[in-house]
Student: 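One structure, as structure tokens, below. Some questions next.
We use all heavy atoms of the structure for the numbers below, so side chains are in, but hydrogens, waters and symmetry mates are not. Numbers here simply count residues along the sequence, with the first being 1.
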Amino acid sequence: MPLDPKRTVAELRELQALTGDADGAQRVAWTDTWVQAQEWMAAKLDGFELEFDEARNQGWTLPGDSERTLIIGGHLDSVPNGGWLDGALNVVAGSEVLRRIAEQGRPPVTVRLVSWADEEGARFGRSLFGSSAAGGSMDDQDELRERKDAEGTPLPDAIAAHGVDLDRATDARRQLGNAAAYLELHIEQGPVLESMDLPLGVVLGTFGVERHQVTFRGQAAHAGSTPMDQRRDALAAAGLLALEIYDIAEQAGGVCTMGSVVTKPGIVTSVVETAECLLDQRHLDAGKLASMLEAAKNAAARFAEERNVEVEWEHVWNIEPILFDDELIELADETIREVAGTSHRLPSGPLHDAAEVSRAGVPTVMVFVQSLRGLSHTKLEDTTEEHLELAVQALDRLADRTVEWVASR
Ligand SMILES: [Zn+2]
């Protein structure tokens, strides 16, 4: 059977008809519809060795001459009222590639397709469940034990109903035991490729994030009786910072967002005494991320002094950038140029299962395919059939190149 990208598109539509409704995809993890999607996929790959691991990651193995393994991964679960392609594209395209490789006889290295469990975290608010169990970063069992869904069902009960024992979920680590490379195809979920009129791009890694609360403190004073040059206006300093982050982001090549400012007393007849700002800064380069934070701190101190107010920083959350493998990025870039004429290298804003696999030490790369209007996590999510077919071709050729790459190392 030669590769048939049109079949991938037809199968994705079939899956959507089976597990979606008028509001979108309904394959929320740890539900019957999710299991239905898993069974549907298993039927499509009848004849391949199928296994569920301790975290209910679903995997199909094509044994090769070597046990060293190329893993192609994705996720069948969706958010409620989700898009038809997010996650499912990777698994269904991967199944087409697996069939095509199998058709050509025993490969030099083992090839495995993995559908990770609960990437979205839609029901319990914990994303990347299966890949973090396999990748080794799941160390929050006690916290997971306390989680409940909207109906009050505890997470351990819901996953036990699907054969998963929370205390044994991390045994899924053996999943990556022989892993020598990892590939993931995904819709971009953003507007970059569409704005450049390109079908495909290579993902360099996932952004590191620094999230802080910045609080400016001045003095509440009467709006009528306080002259403009005698105010200690916390919002005036916060406003300067809100604009300055555009320059900071541009200079470093990252992104900065002041997503929330809460002012107190918050009435029209008083100068603002406190302005609590939430600042989110992201960059693919750890050094540049640190320099963006430093620049924001310096600017905040300068504006506080200028406006005669105080400023205080509080750490909210951070994560390091996760960089994909240089050699696999080159292979993916070459492949995309071959299939689509032009390639583009871009970072990923959202986290993906690939980030968990990559930080477990497995050489990893992702390919993005254009998302129409940049929309995802909505039934409006879409990609043209032409671009989906190119994406399947690119994954297929990249898989061949990566098999050779693994075999030669
Ligand atoms: Zn996804």
Student: Under the side-chain contact (heavy atoms from CB on, under 4.5 Å) rule, what do I71 and L183 come out as? Steps first, then yes or no, please.
Tutor: CA-CA 6 Å; I71 298 178; L183 302 178; over 6 Å; no
Student: Take V111 and T69, measure what side-chain contact (heavy atoms from CB on, under 4.5 Å) needs, and give me the verdict at the end.
Tutor: CA-CA 5 Å; V111 182; T69 304; over 6 Å; no
Student: With a 4.5 Å heavy-atom cut-off, do V202 and H344 have their side chains touching?
Tutor: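 Answer no - side chains too far apart.
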Student: Dump the intermediate steps for side chain to side chain donor-acceptor pair (under 3.5 Å) on T19 and R27, then the final yes or no.
Tutor: CA-CA 6 Å; T19 58; R27 297 183 297 274; 3.1 Å; yes
Student: What do you reckon, is CG of D21 surrounded by more than 12 foreign heavy atoms closer than 6.0 Å?
Tutor: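 Yes, the 6.0 Å shell around CG holds more than 12 heavy atoms from other groups.
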Student: Between the side chains of S78 and Q26, is a donor N or O closer than 3.5 angstrom to an acceptor N or O?
Tutor: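 Per modelled atom types, S78 and Q26 side chains form no pair under 3.5 Å.
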Student: Assess, by modelled atom type and distance only, whether the side chains of T110 and R68 contain a donor and an acceptor separated by less than 3.5 Å.
Tutor: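 No - no donor-acceptor pair under 3.5 Å links their side chains.
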Student: Is there side-chain contact between L89 and H186, with heavy atoms separated by less than 4.5 Å?
Tutor: no
Student: Are the side chain of N57 and the backbone of A117 linked by a donor-acceptor contact shorter than 3.5 Å?
Tutor: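 Present.
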Student: Where do G208 and L289 come nearest, in terms of heavy atoms and distance?
Tutor: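 Taking G208 first and L289 second, the nearest heavy atoms are C-CD2, 3.6 Å.
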Student: Say you draw a straight line from OG of S195 to CG of L198; how long is it, rounded to the nearest 0.5 Å?
Tutor: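 S195 atom OG to L198 atom CG measures 8.5 Å (nearest 0.5 Å).
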Student: Taking ring-ring contact (aromatic ring centres under 6.0 Å, His included) as the definition, give me every residue that meets it alongside F129, ordered by chain and number, with sequence neighbours left out.
Tutor: W30
Student: Is it the case that over 12 heavy atoms from other parts of the model lie below 6.0 angstrom from the CZ atom of R7?
Tutor: yes
Student: Check ring-ring contact (aromatic ring centres under 6.0 Å, His included) between W313 and all other residues, then give those that pass, not counting sequence neighbours.
Tutor: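 In terms of ring-ring contact (aromatic ring centres under 6.0 Å, His included), with neighbours along the sequence ignored, W313 is linked to H212.
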Student: Dump the intermediate steps for side chain to side chain donor-acceptor pair (under 3.5 Å) on T364 and D325, then the final yes or no.
Tutor: CA-CA 5 Å; T364 292; D325 184 81; over 6 Å; no
Student: Walk me through it: do R231 and D229 pass the test salt bridge (charged side-chain N to carboxylate O under 4.0 Å, His left out)?
Tutor: CA-CA 6 Å; R231 295 179 179 213; D229 62 354; over 6 Å; no
Student: With a 4.5 Å heavy-atom cut-off, do E381 and L85 have their side chains touching?
Tutor: yes
Student: Checking side-chain polar atoms at under 3.5 Å, does D285 have a donor or acceptor matched by the opposite partner on H283?
Tutor: no
Student: Would you call E54 and R174 a salt bridge, using N to O less than 4.0 angstrom?
Tutor: yes
Student: Side-chain contact test, heavy atoms from C-beta onward, threshold under 4.5 Å: evaluate it for W40 versus V92 and give yes or no.
Tutor: yes
Student: Of all heavy-atom pairs between H352 and E119, which one has the smallest distance, and what is that distance?
Tutor: CA-OE2, 4.1 Å
Student: Decide side-chain contact (heavy atoms from CB on, under 4.5 Å) for V114 and I72; before the verdict, give the C-alpha distance in whole Å, the side-chain angles of both, and the deciding distance to 0.1 Å.
Tutor: CA-CA 6 Å; V114 175; I72 300 172; over 6 Å; no
Student: Is it the case that T61 and R112 place a side-chain donor and acceptor less than 3.5 Å from each other?
Tutor: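 Indeed, the side chains of T61 and R112 share at least one donor-acceptor pair under 3.5 Å.
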Student: Cut-off 3.5 Å, side chains only: do Q189 and S376 have a donor facing an acceptor?
Tutor: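 S376 and Q189 do have a side-chain donor-acceptor pair below 3.5 Å.
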Student: Just by modelled atom types, is the A223 backbone N or O under 3.5 Å from a matching donor or acceptor in the T226 side chain?
Tutor: no
Student: Would you say that more than 12 heavy atoms from the other residues, nucleotides or ligands in this model lie under 6.0 Å from the CG of D32, or not?
Tutor: no
Student: Holding to side chain to side chain contact (heavy atoms under 4.5 Å, CB included), I want the full list of residues that pass it with S127, two or more places apart in sequence or in another chain.
Tutor: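 For S127, no residue satisfies side chain to side chain contact (heavy atoms under 4.5 Å, CB included) once neighbours in sequence are set aside.
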Student: Please indicate whether E51 has more than 12 foreign heavy atoms, meaning atoms of other residues, nucleotides or ligands, lying under 6.0 Å from its CD.
Tutor: yes
Student: Are more than 12 heavy atoms, taken from residues, nucleotides or ligands other than R168, located less than 6.0 Å from that residue's CZ atom?
Tutor: no
Student: Could you walk me through whether K264 and E276 pass the salt bridge (charged side-chain N to carboxylate O under 4.0 Å, His left out) check?
Tutor: CA-CA 9 Å; K264 287 172 188 159; E276 291 171 4; 3.4 Å; yes
Student: Would R56 count as a cation-pi partner of F52, with NZ or CZ less than 6.0 Å from the six-membered ring centre and within 45° of the ring normal?
Tutor: yes
Student: Are D86 and H377 linked by a side-chain donor-acceptor pair shorter than 3.5 Å?
Tutor: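 Yes, because at least one side-chain N or O of D86 sits under 3.5 Å from a partner of the opposite role on H377.
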Student: Is the count of non-hydrogen atoms from other residues, nucleotides or ligands lying under 6.0 Å from Q141 atom CD greater than 12?
Tutor: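 Yes - once you tally the heavy atoms of other residues, nucleotides and ligands closer than 6.0 Å, there are more than 12.
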Student: Do R409 and W405 meet the cation-pi criteria used here (NZ or CZ under 6.0 Å from the six-membered ring centre, within 45° of the axis)?
Tutor: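 Output yes; distance and angle both within limits.
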Student: Are more than 12 heavy atoms from other residues, nucleotides or ligands located less than 6.0 Å from atom CD of E14?
Tutor: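 Counting neighbours around CD of E14, more than 12 heavy atoms of other residues, nucleotides or ligands fall under 6.0 Å, so yes.
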Student: Quick one: sort the Y182 and W116 rings into parallel, tilted or perpendicular, breaks at 30° and 60°.
Tutor: tilted
